[in-house]
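This structure is a prediction, so every number in the text was calculated from the model and none was measured. Heads up: numbering here begins at 1 and tracks the sequence.
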Amino acid sequence: MTDPTLKLVVAWSERRNLCTLVREILATAEPEADLLPLGDDVTVMYTALSTGEVRDHLRDVLQSGDHVIVTEFEVWSSYGADVDSRWLLARGH
């Protein structure tokens with residue numbers, strides 16, 4: 001098994017709000033404590049799942065016209081109170 005890393009999940013739709021639906025699905029893969037919502041369309045998650053595995057968890061709830069992108073990153077920098085630096089630091093980054 002690989003070590004967990006931070007994944008950025010962006011899911012959006014022109015027709016419907018996906019934020020609650022996406023977070024509920026992500027919470028089946030990882031504990032809520034390892035999910036950090038950053039607005040309606042973006043969630044950061046700390047997981048050992050690959051980007052493809054995260055995408056596949058969401059595939060069944062997406063409909064035509066819905067979109068998702070999952071990225072993995074090793075280096076980050078943040079500024080401002082809206083990004084929880086303590087949450088990120090607690091996850092080894």
Side-chain heavy atoms of Leu26 within contact of Asp34, under 4.5 Å: no
Determine yes or no for a side-chain-to-main-chain donor-acceptor pair under 3.5 angstrom, with Thr51 supplying the side chain and Thr71 the backbone. no
Mind checking what makes salt bridge (charged side-chain N to carboxylate O under 4.0 Å, His left out) contact with Asp40, not counting sequence neighbours? none
State whether the side chain of Lys7 and the backbone N or O of Val70 hold a donor-acceptor pair below 3.5 Å, judged by distance alone. no
Euclidean distance, Thr47 OG1 relative to Asp3 CG, rounded to 0.5 Å: 11.5 Å
What is the minimum heavy-atom distance between Ala27 and Glu32, and which atoms define it? CB-OE2, 3.3 Å
Once you round to the nearest 0.5 Å, how far does CG of Leu38 lie from CG of Leu8? 7.5 Å
His57 side, atom NE2; Met45 side, atom CE - distance, nearest 0.5 Å: 7.5 Å
Please report the shortest heavy-atom distance between Ala29 and Leu49, naming the atom on each side. CB-CD1, 3.8 Å
Sequence neighbours excluded, the answer for side-chain hydrogen bond (donor to acceptor under 3.5 Å, both in side chains) partners of Asp66 is Ser13, Arg16
More than 12 heavy atoms of other groups within 6.0 Å of Gln63 CD: yes
Donor-acceptor pairs are to be reported for all side-chain atoms of residues 18-25 against protein atoms at under 3.5 Å, with residues two or more places apart or in another chain.
| from | atom 1 | to | atom 2 | distance (Å) |
| --- | --- | --- | --- | --- |
| Arg23 | NE | Thr43 | OG1 | 3.0 |
| Arg23 | NH2 | Gly39 | O | 2.4 |
| Arg23 | NH2 | Val42 | O | 3.3 |

